[in-house]
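Remarks on the structure that follows.
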Amino acid sequence: MKAYTTEVALSDLDADLVAVGLYEGDELSEPLGSTAGAADASADFKSQVIVYPGHPERVVVIGLGKKEDFTAEKARVIGAVAQKALKQVKGEALAWMLPDAPEGIEPGAIAAALVEGAGFSAFEFDRYKSGSDGEEAPPSLKAVEINTDQDIAAMVKVGEVVANSGNRARYLQSLPANVATPEYLAGRAREIADAHEKVTVEVMDRAAIVKAGMGGLQAVSKGGEDVEPRLITLKYTGKGSGEKLGLVGKSVTFDTGGISIKPSAGMHEMKMDMSGGAAVLEAVNAIAELDLALDIIAVLPSTENMPSGTALKPGDIITQLNGKTVEVTNTDAEGRLILADALVHCAREGADRLIDLATLTGAVLIGLGSTYAALISNDDELAAQVAEAADRSGELVWRLPLHDEYKDLTKGEITDLVNASAQRKAGTIYAGSFLEEFTEGKPWAHLDIAGTAWDTGREYWGKGPTGFGVHLLVALARELSK
Ligand code: BES
Ligand code: MN
Ligand code: ZN
C-alpha cells in the first residue's frame, strides 16, 4: 500500500472512494451537502452513508463524533471503516478529505492514523486458499491519498511504513510452524539486511548456540530433532554514536509446552509464539526504511518447544549465558529461558538499554485481556518513554510492579532460580522478575504481549494477528532519534 498527500478540490479526486468525516454540529460543505442521500449522513462515531455526487463518483460520509473527543486512535478506527467501505465497492484506491484536527493534536498524527487504520484493516492472509498457488494475492488496498493543504507528507509516509510493516509482522505470525521455522525467520532477517545498507545480520546455529553457552536456548531446542534453533542478531546503525537500543523478541515458532505439554484444544494457535520476534524484525525494517537516527541491536532467540525423546525434562538443571543456574520445573515456561540468554547476549553486544517483547504468560490475558500489554521495568525513565510511545501508537501498555517479594518466588532450593512456581502467584510479574536477573544492570522494559498479539477484535485488526509492537517500537525510535 502506498500513501501520499494531494491538494486538489474534492471534485477533482479520482479515487474509487472518497471519505469525508463529519463532526457533531458540522454540516457537509456544498455541493456535497445537497447531493441526494446526503441528508442521511450522521455525525455519530463510525456511522457511514455513501452518496454519489458524480464528481467524484462515490463519497462515504463517516461520523467522527464530537470534535473535542476525537483522537488519533479514533482516526485509526474510522480509517478501517473507510477501508471496509472501499472493499464493499471493490475499489483499490481510497482518498480522505483530511478532517480538522482537534486542539492539541497534530494534523499529521491524524493523517498517519487514517493511513494506518486503512492499511491494517486491509490485511488478508490468503496464500493457502486453493487457487492462490501458494502466493499471497496482491493487497486489495493499493493507495491511500490524504487530501490536505498542510505540509504533512512525512507523517503520511510514517503511516504507510507502519501499516506495511505491521502487516508484514502479521503475515509472519499467520504462517504455520511448518513454514515459519527459526531458519525461515533468519531468512527474513537476511532479507531485511540485504535491503538496507545500515542493517547487518548474524545467525547462530545449534552448534554455535551450544558453544556460546546459551544454556536456555540449547535446552528448549533439544526437543526439536529436525527443526534447528537460531539466534538471530540484527544491527542497525542509524547514527553510529549515542544510544544503542537493544530489542529482544521471543521467537518460539511453536510452543507445545514440551514435556509439560499443553492441552490440545487451541494448541494450534501457539504458532503465534514468535509474535515478539516478528514485531522486532519488522520494526527494525520500518526503522531502517524511515532512516531514523539511532542504533539498534535486535536479538531473536528462535526455536520450537517440542516434547520428544531428546527433550528437556521437568527437574533438569541448566546454566544460562550469564552463569546463573535454573531448575526447569515446567518446560512450558520456555520463553523466559530463551529470553534470558538473548537479553545477556544483547547487552554484551553493546546495548545500553533493553526492551523485550514476548508472548510470555497466559496470566496477562487474565489480568489485562487484549487491550493492554503488560509493561514491567526496572527503570522509570525508560518505562515512561515506552508508555508514551504506546499511547501515541494505540498499542497500549499497563505497568505492573517489581518487588523483592516477587523475586523471592523465583529463587531455587538447589539452584539460583526456578523457571516456574507451583503457587501460580502473579504469573506475569514472576516471569518479569525472572527476566530481570538477565538484564546485566541495564535499564530494561519487558512487554508481555500474549494478550495483544492475537485476536484483539479491534476495528482495524479484527481477529487473528495484530503485529503488536511494531508501531510502538517505531514510535519510540522516532522519539529517540529526535
Ligand atoms: N507461550 C506461552 C504463553 C501464551 C499463552 C502465549 C497464551 C499466548 C497465549 C508461554 O510459553 C507459556 O506457556 N506460559 C505458561 C507459563 C507457566 C507454565 C508458568 C503459562 O502462561 O501458562
Ligand atoms: Mn510455553
Ligand atoms: Zn511460549
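Reckoned from all heavy atoms, side chains included, excluding hydrogens, waters and symmetry mates. Just so you know, ligand 1 is whichever comes first in the structure, and atom 1 is the first atom listed for that ligand. In what follows, residues are counted from 1 in the order of the sequence shown.
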Which residue and heavy atom of the protein sit nearest atom 22 (O) of ligand 1, plus the separation: Gly362 N, 4.5 Å

Which residue and heavy atom of the protein sit nearest atom 7 (C) of ligand 1, plus the separation: Met270 CE, 3.6 Å

Nearest-neighbour protein heavy atom for atom 2 (C) of ligand 1, which is reported as residue plus atom name and distance: Asp255 OD2, 3.5 Å

Ligand 1 contact on Lys262 by region, counting heavy-atom pairs under 4.0 Å: side chain

Side chain, backbone, both or neither: the part of Arg336 lying under 4.0 Å from ligand 1 by heavy atom: side chain

Spacing of Leu321 atom CG and Leu217 atom CG [to the nearest 0.5 Å]: 10.5 Å

Heavy-atom closest contact (Glu282 atom, Leu172 atom, distance): OE2-CD1, 3.5 Å

Protein residue, atom and distance nearest to atom 15 (C) of ligand 1, heavy-atom basis: Asp332 O, 4.0 Å

Rounded distance (nearest 0.5 Å) linking atom OH of Tyr430 with atom CZ of Arg336: 7.0 Å

Atom 10 (C) of ligand 1 [closest protein heavy-atom partner, distance rounded to 0.1 Å]: Leu360 O, 3.3 Å

Geometric class of the Phe120/Trp461 ring pair [parallel <30°, tilted 30-60°, perpendicular >60°]: tilted

Minimum-distance N/O/S atom that Asp255 presents toward the Mn ion (ligand 2): OD2

N, O or S from Glu334 under 2.8 Å to the Zn ion (ligand 3): yes

Short N-O contact, Arg190 and Glu183, less than 4.0 angstrom: yes

Side-chain donor-acceptor pair present, Thr331, Ser260, cut-off under 3.5 Å: yes

Gly335 N/O/S atom closer than 2.8 Å to the Zn ion (ligand 3): no

Glu334, any N or O under 3.5 Å of ligand 1 N or O: yes

Lys250 heavy atom under 4.0 Å from ligand 1: yes

Ionic contact status for Lys407 with Asp404, cut-off 4.0 Å: no

Per-residue contact class, Glu269 against ligand 1 - non-hydrogen pairs under 4.0 Å: neither

The Mn ion (ligand 2) to Glu334: nearest N/O/S atom name: OE1

Closest protein heavy atom to atom 18 (C) of ligand 1, given as residue, atom name and distance to 0.1 Å: Asn330 ND2, 3.4 Å

salt_bridge(Glu124, Lys87) N-O dist < 4.0 Å: yes

Contact summary for Val248 and Cys346, nearest pair of heavy atoms: CG2-CB, 4.0 Å

Among the N, O or S atoms of Asp255, the one nearest the Zn ion (ligand 3): OD2

Rounded distance (nearest 0.5 Å) linking atom OG1 of Thr325 with atom CG of Asp416: 3.5 Å

Between CG on residue Leu300 and CG on residue Leu231, distance to nearest 0.5 Å: 9.0 Å

Nearest neighbour of atom 17 (C) of ligand 1 from the list Gly276, Gly257, Ala333, on a heavy-atom basis: Ala333

Contacting atoms of ligand 1, where contact means under 4.0 angstrom from a heavy atom of Thr359: 1 (N), 2 (C), 3 (C), 6 (C)

Nearest heavy atoms of Asp341 and Gln320, plus distance in Å: OD1-OE1, 2.8 Å

Atom name, Asp273 (N, O or S, nearest to the Zn ion (ligand 3)): OD2

